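Here the structure is laid out as structure tokens; the discussion comes afterwards.
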Amino acid sequence: MPMIETRDGTRLYAKSWGEGPPVILIHGWPLSGDSWDPVSHALAEAGFRAIAYDRRGFGRSDQPSGGYDYDTFADDLADVMTAMNANEGATLVGFSMGGGEIARYLSRQGGQGVSRVALVSSVVPYMLKTEDNPDGVPQSTFDEMTDGMLSDRAKFFTGFFKDFFGVGMLTQPVSDEVLHLAWITAMQAGLRPTLAAANAFATTDFRPDLASFRVPTLIIHGTSDKTVPIDATGRALARAVPHATLLEYDGEPHGVFATQTDRLIRDLLDFVSGRAADDVPQQVVDTLTAQALVTPTM
């Protein structure tokens with residue numbers, strides 16, 4: 001079932017690998033569900049059913065004019081879960097922007113069918129700097145992003161992904177090919193969806209949704225994340241959800257799925273299976289380096 005029709009008629013591309021308890025993987029901005037391929041492969045090998053889909057406006061999904069708000073995104077997630085028969089005992093895993101879908105789904109849909117959630121480099125609870133959110137990102141930063149995309153989107157994303165993966169004069173945590181693949185995938189998204197989705201994750205306040213986090217919750221975040229600063233997001237979320245577990249990846253940037261692929265896989269397998277990380281078969285991790293494509297998201 002590669003295409004799913006949502007309640008407003010938008011078609012979303014989805015794929016399912018493996019058999020077993022469902023794990024729905026929600027990608028970030030501005031890329032596609034393929035960013036989860038290494039994790040999806042590991043989950044399938046470990047006895048889970050990994051489901052990844054392209055958010056509306058991105059990847060292979062339709063690019064409607066509207067619907068780029070978190071209420072609609074959460075409804076899309078619900079429709080994917082229903083269409084894929086994955087609305088019982090499911091684990092939700094959201095990267096960056098994808099954490100917002102989880103927060104809004106838990107509140108808007110009452111967490112129906114969800115047994116646990118994991119948020120990786122997530123924008124939850126609130127990205128924008130305000131008087132009551134002093135650690136957030138200034139509005140001027142988002143305005144500069146918008147101007148850059150409107151002026152020269154191709155050039156903007158060339159620079160954006162360097163910060164995303166922590167690439168600098170003396171640091172090269174990912175290959176040039178990973179950067180190029182990220183750029184190609186970003187350029188496949190529509191300009192209008194790219195701008196609208198950026199506005200959604202930049203300005204949506206998820207703090208009212210946090211009371212709905214009633215299931216086991218894992219938070220993973222790099223301490224050197226320049227794209228989604230940890231103080232306003234990962235650490236704030238951990239304080240607001242007392243039963244959550246926060247794993248800080250020391251010195252890591254935003255795109256930990258590419259800079260710390262093996263570690264992320266082990267931590268997620270540990271969380272969804274209840275096994276200790278040392279119990280995850282090494283061959284599951286080893287095959288990823290040789291076989292899986294790594295495509296980034298925000």
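Note that the coordinates shown come from a computational prediction; the quantities given were computed from them, not determined experimentally. Residue numbers count from 1 along this sequence.
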* Asked: Which side chain to side chain donor-acceptor pair (under 3.5 Å) pairs, counting each pair once, include a residue from residues 142-153, with sequence neighbours left out?
  -> Gln139-Asp143
Qualifying residues under side chain to side chain contact (heavy atoms under 4.5 Å, CB included), relative to [X], sequence neighbours excluded:
X: Ser212; value: Leu106, Ser107, Arg214
X: Ala90; value: Pro22, Ile24, Met81
X: Glu5; value: none

* No-hydrogen, no-angle side-chain donor-acceptor test under 3.5 Å, Thr259 and Glu252 -> yes
Within this structure, what is the [atom1]-[atom2] distance for the pair [X] and [Y], rounded to the nearest 0.5 Å?
X: Leu268; Y: Phe48; atom1: CG; atom2: CZ; answer: 10.5 Å
X: Lys162; Y: Met169; atom1: NZ; atom2: CE; answer: 10.0 Å
X: Ile51; Y: Ile26; atom1: CD1; atom2: CD1; answer: 11.0 Å
X: Ile219; Y: Ser121; atom1: CD1; atom2: OG; answer: 11.5 Å
X: Glu248; Y: Arg235; atom1: CD; atom2: CZ; answer: 4.0 Å
X: Asp205; Y: Leu128; atom1: CG; atom2: CG; answer: 9.0 Å

Pairs satisfying salt bridge (Lys or Arg N to Asp or Glu O under 4.0 Å), at least one member in [range], at least two apart:
range: residues 119-138; answer: Asp132-Arg207
range: residues 63-91; answer: Arg7-Asp75, Arg7-Asp79, Arg56-Asp76, Asp71-Arg104, Asp71-Arg108, Asp75-Arg108
range: residues 174-203; answer: none
range: residues 22-31; answer: none

Grab the two heavy atoms, one from [X] and one from [Y], that are nearest each other, plus how far apart they are.
X: Arg49; Y: Gly18; value: CG-O, 3.5 Å
X: Phe142; Y: Met127; value: CZ-CE, 3.8 Å
X: Ala118; Y: Ile102; value: O-CD1, 3.6 Å
X: Gln109; Y: Ala74; value: NE2-O, 4.2 Å
X: Thr261; Y: Pro38; value: CG2-CB, 4.0 Å
X: Thr185; Y: Ser32; value: CG2-OG, 3.8 Å

* When His254 is tested against each of Tyr249, Phe160, Phe95 for ring-ring contact (aromatic ring centres under 6.0 Å, His included), which residue passes? -> Phe95
* Does Arg116 have any side-chain hydrogen bond (donor to acceptor under 3.5 Å, both in side chains) partners at least two apart in sequence or in another chain, and if so, which? -> none
* **Residues which pass side-chain hydrogen bond (donor to acceptor under 3.5 Å, both in side chains) with Thr217, listed by chain and number, not counting sequence neighbours** => none
* To do: Could you walk me through whether Gln188 and Phe58 pass the side-chain contact (heavy atoms from CB on, under 4.5 Å) test, one step at a time?
  => CA-CA 7 Å; Gln188 291 175 338; Phe58 297 84; over 6 Å; no
Report yes if some heavy atom in the side chain of [X] is under 4.5 Å from a heavy atom in the side chain of [Y]; otherwise report no.
X: Leu150; Y: Leu195; value: yes
X: Phe257; Y: Val120; value: no
X: Val137; Y: Pro229; value: yes

Please table the atom pairs, donor to acceptor, closer than 3.5 Å between any side-chain atom in residues 239-247 and protein atoms at least two apart or in another chain.
unit_1: His243; atom_1: NE2; unit_2: Phe213; atom_2: O; d: 3.3
unit_1: His243; atom_1: NE2; unit_2: Val215; atom_2: O; d: 2.9

Hey, does the side chain of [X] reach the backbone of [Y] with a donor-acceptor pair shorter than 3.5 angstrom?
X: Asp54; Y: Arg60; answer: yes
X: Gln172; Y: Val174; answer: yes
X: Thr10; Y: Thr6; answer: no
X: Asp62; Y: Arg11; answer: yes
X: His27; Y: Arg55; answer: yes
X: Trp183; Y: Phe157; answer: no

* **ring-ring contact (aromatic ring centres under 6.0 Å, His included): pairs with one or both residues in residues 59-88, sequence neighbours excluded** => Tyr70-Phe73, Tyr70-Phe206
* Spell out, yes or no, whether Leu119 and Ile230 are grouped together once hydrophobic residues are joined by side-chain heavy atoms under 4.5 Å, including indirect joins. => no
* Asked: Are Ser122 and Thr233 close enough, and set up right, to give a side-chain contact (heavy atoms from CB on, under 4.5 Å), and what steps lead you there?
  -> CA-CA 7 Å; Ser122 168; Thr233 54; 6.0 Å; no
* Evaluate the criterion side-chain contact (heavy atoms from CB on, under 4.5 Å) for residue pair Tyr53 and Leu77; output intermediate values, then yes/no. => CA-CA 9 Å; Tyr53 67 99; Leu77 171 58; 3.6 Å; yes
* Does the pair Val39 and Val93 meet the rule for a side-chain contact (heavy atoms from CB on, under 4.5 Å), with working shown? -> CA-CA 10 Å; Val39 174; Val93 182; over 6 Å; no
